[in-house]
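Counting starts at 1 for both ligands and their atoms, in listed order.
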Amino acid sequence: MKPILVPHSQYQDVVLRQLQEGNVFLIRKDWPLAAIFWMTDLSPVTDFLQDAYSTRGPLPRDPASMLRSYLLFLMTCPQVGLTEWINVMKRTPIYAILSGFPLDDLPGVSTFYDFLARFWNGSTPHWRPKRQPKRKRKTKRGKKGEKAPTATPGRIKRLVQWILSHPEKNPVLPSDRLFDFFQTQFLSTSASLGLLGDISALTTAGDGTPLVTSVYPRSKPTCDCRARGILVCNHPRLYSQPDCDSGWDSARERYFNGYHLYMISAADSPHDLPLYPRLQSASQHDGVSLVLSTTEFQQRFTLGTVDKMLLDAAHDTEAIYKLLDTHHIEPFIDLNPRGTKNTATGSEVKISPTGIPLCPKGNEMRPNGFDKSQNRRKWRCSPACGCSSAKYGLTYHTFSRDNLRMFPKTLRGSEKWKLIYKRRTSVERSNKREKIDYKLESGRHLSTMMWYNRIYGIMICQHMHAWYLSQKEEWDLLKTVFRPFLA
Ligand SMILES: [Zn+2]
Ligand SMILES: [Zn+2]
């Protein structure tokens, strides 16, 4: 059967009644949890998932209660599995009550998996088939403290060329229903509360992080070579996590098996709020992930316009500047210096590896304003240098359209650049929160579907927590309602 909508006011009534009848108390430290779920109406999930339920069979559990319970699990004990979560609810009745479940009728673990699977619009829980050719090569190690090597500019260039020449291509992704839900129910609220920054000219940041799912990849043979005494063969194998492979984790300095999680976040958000997650196989490079993620995000994000994107030096490739510029997004990317050679121009001025014009005597010229009508930056060398007989010294012009990487619209290293670029680390803080506070990697899932559910669940928790913090004074007034049950 299709689920029946339980209005939020009914949930609130049931919570108060169960607290009274069950003689259950809420410890003060857990107050924010009560405030968050009391104030957040999650009942729209019932309508959102209508099509994902069959018309036959028994009446399903209230989807809003299932969702609340999953989020409460991620907020309170994400290090345990869902099976253990049900035991936690039995031991700690307040969690069952806040979920919206009757104390004597908790769902089983399979009910949770059935419910979460309804957010997935793929026909299988993985992106790729389990049967794959035997994997051979190991990815390159990065240098110490450095991320995966930036050795793929050719690949990024071909990918960007393909994307720009096929703007109509927008394949449906198995994770699209999750993003749709996240955008309509959570991003939109954060946007209206002003928690994402200026939504009409959004500044975003992007960065990848390893997501370790297991130490080694697991696979089974599809042939009987080994039984016949053949120890090495090239027959396909069945992989238990077909979307994962082996990558180099530079922070932990070791190989790992799992995903490369690429995250786009709202850089001006005071709470470092995440916007769009993308799972790639572990060996994927940041630059390639960014190209795919930002294209998908541009095609799906409907709440505002992205104006700037802040990326670290691992993204410093001409093709990425071009892609972002085509999307009318101003790139702010740290230079990844390639060699120390100066670049010749048609004149006697040369360009340094960091994009600064050098006068014939080899001195760095100074920026001298931006000419909007001509769309060019003016540079000047002091008359004292003696490199020119002109009264005010030598002048030179650079054009962003000639080379967006060398001559960005906002002068690299200027005060304005520094002010904008320092917000880039917000995406690192967001990724850290997901991995450390919400124990992202403690999920013991085999399917990409469940990993996406976990990531979106954690992102929803981040947004809901920010709603509480930004309205704390107002929401804390509710304590009067809960006073008899606060211990
Ligand atoms: Zn074989
Ligand atoms: Zn000079």
Side-chain angles (χ1 to χ4, degrees), residues 124 126-139 213-247 255 257-258 281-283 335 337-372 374-418 446-447:
T124 65
H126 308 283
W127 293 37
R128 277 181 247 160
K130 285 191 160 188
R131 188 189 163 93
Q132 290 180 18
K134 195 178 171 188
R135 294 178 193 154
K136 280 178 222 130
R137 62 195 166 88
K138 270 204 161 174
T139 45
T213 60
S214 61
V215 181
Y216 302 105
R218 262 172 246 135
S219 65
K220 279 186 254 171
T222 58
C223 58
D224 61 352
C225 293
R226 196 162 266 268
R228 291 191 286 127
I230 304 164
L231 293 182
V232 182
C233 76
N234 277 321
H235 292 117
R237 298 181 67 88
L238 290 174
Y239 287 87
S240 60
Q241 291 184 289
D243 301 329
C244 296
D245 68 0
S246 159
Y255 285 103
N257 186 63
S281 53
S283 60
L335 274 187
R338 300 173 206 153
T340 50
K341 271 194 182 160
N342 298 328
T343 313
T345 64
S347 73
E348 49 194 355
V349 170
K350 287 184 175 140
I351 307 293
S352 82
T354 54
I356 296 170
L358 304 170
C359 80
K361 286 200 165 180
N363 290 325
E364 286 193 353
M365 300 180 74
R366 271 195 293 277
N368 195 233
F370 191 82
D371 180 352
K372 266 205 169 144
Q374 308 259 14
N375 209 5
R376 64 187 187 179
R377 184 174 305 285
K378 196 174 177 182
W379 301 79
R380 193 181 282 284
C381 197
S382 98
C385 171
C387 59
S388 161
S389 55
K391 191 175 171 194
Y392 297 107
L394 185 70
T395 56
Y396 186 75
H397 295 102
T398 55
F399 295 84
S400 288
R401 64 161 187 272
D402 288 349
N403 189 337
L404 262 175
R405 176 176 176 261
M406 290 294 242
F407 312 126
K409 284 176 191 153
T410 303
L411 187 64
R412 209 182 256 109
S414 63
E415 285 308 310
K416 189 181 171 199
W417 172 284
K418 284 182 193 159
L446 284 178
S447 69

Can you tell which of N403, T343, L358, N342 makes a side chain to side chain contact (heavy atoms under 4.5 Å, CB included) with I351?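 Testing each of N403, T343, L358, N342 against I351, the sole residue satisfying side chain to side chain contact (heavy atoms under 4.5 Å, CB included) is T343.
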
Requested in this report: Enumerate the protein N/O/S atoms at a distance below 2.8 Å from the Zn ion (ligand 2), ignoring waters.
Outcome: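 Protein N, O or S atoms closer than 2.8 Å to the Zn ion (ligand 2): C359 SG, C381 SG, C385 SG, C387 SG.
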
I'd like to know if the side chain of [X] and the backbone of [Y] have a donor-acceptor N/O pair within less than 3.5 Å.
{"X": "S281", "Y": "D243", "result": "no"}
{"X": "T398", "Y": "F407", "result": "no"}
{"X": "R412", "Y": "R405", "result": "yes"}

Margin query: If the condition is side chain to side chain donor-acceptor pair (under 3.5 Å), which residues does T395 pass it with, not counting sequence neighbours?
Written below: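 So T395 forms no side chain to side chain donor-acceptor pair (under 3.5 Å) with any residue.
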
message = Taking side chain to side chain donor-acceptor pair (under 3.5 Å) as the definition, give me every residue that meets it alongside R228, ordered by chain and number, with sequence neighbours left out.
response =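 Testing R228 for side chain to side chain donor-acceptor pair (under 3.5 Å), a comparison that skips the adjacent residues, returns D224.
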
Q | More than 12 heavy atoms of other groups within 6.0 Å of R128 CZ | A |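 Atom CZ in R128 is crowded, with more than 12 foreign heavy atoms closer than 6.0 Å.
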
task = List the steps, then state whether side-chain hydrogen bond (donor to acceptor under 3.5 Å, both in side chains) holds for S246 with N257.
result = CA-CA 4 Å; S246 159; N257 186 63; 6.0 Å; no

message = Go through it in stages, so that I can follow the logic: the residues are T213 and Q241, the test is side-chain hydrogen bond (donor to acceptor under 3.5 Å, both in side chains), and I'd like the CA-CA distance, side-chain angles, deciding distance and then a yes or no.
response = CA-CA 9 Å; T213 60; Q241 291 184 289; 3.2 Å; yes

Q. Protein N, O or S atoms less than 2.8 Å from the Zn ion (ligand 1), ignoring waters?
A.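 The answer is C223 SG, C225 SG, C233 SG, H235 ND1.
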
